[in-house]
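These notes concern the structure reproduced below.
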Amino acid sequence: MNDLPGALADIFTSPAMYGSAVRLGVFLAFAALGELVAEKSGTINISVEGSLLAGALGGALAFDSTGSLVLGLAGGAVAGTLVSMVSANMSHRLTADQFVVGITLNVLVLGLVGFLDATFRPLGGKAEVVSLPLLSDIPVVGEALFAQTWPTYLLYALIPLTWWLLYRTRWGLEVRSVGENPQAADVSGIDVNHRRRQAIYYGGILAGLGGAFLVLGQVGSFDTGAVGGRGFIAIAAVYFGGWTLRGTLAGALLFGMVDAFRLAVPVLGYEVNAQLLAALPYLLTLVVLYFVTKRFVQPAGLALPFIRGGF
């Protein structure tokens, strides 16, 4: 590219660029919202990658069996929840190391999904695009935000739901308390590990929905490599957002835009090293983890197992 500023202007004024950024950002946001709740409770749910992949296959299998997109999304949510249940109970009932459990589950799910995909070969499907009147006519971003497949709008409802659960319910107060000071929460009569398991279940539901959205609301077919490590990027989005809801969403959108940039460059006719473009989202993840974690204070009990009477 001889004219770098002109090329960047061409890319960042392309409506297709913003459409891709929203689609990829929504996929990440499903998982990141659930991960935010889990981390608020004091758990880094490494198995979010496995929940995304299980949700993608579960959604494809349910849709292939029933022909219903709604049941396909529900199947994805169930599959993601099953993975999170294993993670939650091993980490916060059997007190196994949550990082080892998460990594092991991700590898197990990858192998199991590959086997099931080869056995059943589920056919994919894609939801219809629904344009919202007036809103979709907003210049540049209107079509990107408000002319998407209908499962995209589930996220728009989940954002206020998650905010309400975390900040306007007793359950959310208890979840945040077990993440900040589990010993004090225990003295107050809160079952710390029970709340942590519930928070992980919520994360599994949303990650499973995200995986099903990938297959039924974005790609239209299932592939074992479709998730491609983006569960870890969803975790980075929570760190980027400083464990806040709007910051987490901004992080998901930023990572989605970087991923969309990778796709837009060759489509618009520019030649850039393909391996470098593929590495961009993961390079950004490392940069975020280095700089952002120095600026924000994480929940005090994050990643620390709770042992009654400990310190």
Side-chain angles (χ1 to χ4, degrees), residues 8-37 52 55-56 59 63 68-74 76-77 80 124-167 205-221 226-227 230 233-234 237-238 240-241 244-265 267-268 281:
L8 291 175
D10 189 21
I11 293 169
F12 284 102
T13 56
S14 168
M17 164 74 177
Y18 291 100
S20 296
V22 169
R23 286 190 293 273
L24 295 167
V26 165
F27 167 58
L28 290 174
F30 273 109
L33 277 179
E35 180 63 19
L36 172 66
V37 175
L52 280 169
F63 175 77
S68 169
L69 287 166
V70 174
L71 292 178
L73 292 169
K126 189 172 181 180
E128 294 181 359
V129 173
V130 176
S131 297
L132 301 184
L134 300 180
L135 293 175
S136 60
D137 296 328
I138 298 173
V140 184
V141 298
E143 188 172 345
L145 290 171
F146 304 110
Q148 298 286 353
T149 55
W150 65 260
T152 304
Y153 302 119
L154 292 176
L155 178 69
Y156 296 177
L158 285 170
I159 292 170
L161 174 63
T162 302
W163 174 84
W164 177 75
L165 283 173
L166 267 181
Y167 298 106
I205 292 171
L206 264 61
L209 272 175
F213 165 77
L214 177 67
V215 173
L216 304 176
Q218 183 176 335
V219 178
S221 61
V227 174
R230 289 177 178 83
I233 295 179
V238 178
F240 174 88
T244 64
L245 181 61
R246 64 182 177 183
T248 297
L249 292 171
L253 185 59
L254 174 63
F255 286 117
M257 184 165 288
V258 173
D259 218 359
F261 178 84
R262 172 181 66 86
L263 298 173
V265 168
V267 170
L268 292 174

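Since we're looking at a predicted model, the values are computed, not measured. Side chains included, hydrogens not; waters and symmetry mates left out as well; all remaining heavy atoms used.
Scanning all heavy atoms of the two residues, the minimum distance from Asp259 to Pro281 falls at OD1-CG, 3.7 Å. Between Leu216 and Leu73, the shortest heavy-atom distance links the atoms CD1-N, 3.9 Å. The shortest non-hydrogen separation linking Ala21 to Met257 is CB-CA, 3.7 Å. Among all heavy-atom pairs drawn from Ala252 and Ala237, the shortest one is N-CB, 3.8 Å. Between Met17 and Ala260 the shortest heavy-atom distance is O-CB, 3.7 Å. Heavy atoms only, all atoms of each residue included: Ala212 and Gly59 are closest at CB-CA, 4.2 Å.
For the pair Arg23/Val26, no side-chain contact is recorded, criterion being any heavy-atom separation below 4.5 Å from C-beta on. In this structure the side chain of Leu145 reaches within 4.5 angstrom of the side chain of Tyr156, judged on heavy atoms. Taking the side chain as every heavy atom from C-beta outward, Leu24 and Gln218 approach each other to under 4.5 Å. You'll find the side chain of Trp150 reaches within 4.5 Å of the side chain of Leu69, heavy atoms only. Within the 4.5 Å cutoff, the side chain of Leu158 has heavy atoms near those of the Leu209 side chain. Under the 4.5 Å side-chain criterion, counting only non-hydrogen atoms from C-beta, Leu206 is not in contact with Val37. You'll find the side chain of Leu214 stays beyond 4.5 Å of the side chain of Arg230, heavy atoms only.
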Exercise. Please test Leu249 against Leu253 for side-chain contact (heavy atoms from CB on, under 4.5 Å), starting from the C-alpha separation and ending with a verdict.
Key: CA-CA 6 Å; Leu249 292 171; Leu253 185 59; over 6 Å; no
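Other residues, nucleotides and ligands place no more than 12 heavy atoms under 6.0 Å from the CD atom of Glu143.
A donor-acceptor contact shorter than 3.5 Å links the side chain of Tyr153 to the backbone of Phe146.
Leu28 contributes atom CG, which lies 8.5 Å from atom CZ of Phe255 (distance to the nearest 0.5 angstrom). To the nearest 0.5 Å, atom CG of residue Leu33 and atom CD1 of residue Ile205 are 13.0 Å apart. For the atom pair CZ of Phe27 and OG1 of Thr152, the computed distance is 12.5 Å after rounding to the nearest 0.5 Å.
Of the residues Leu52, Leu154, Leu155, Thr149, the one that meets the side-chain contact (heavy atoms from CB on, under 4.5 Å) test with Phe213 is Thr149.
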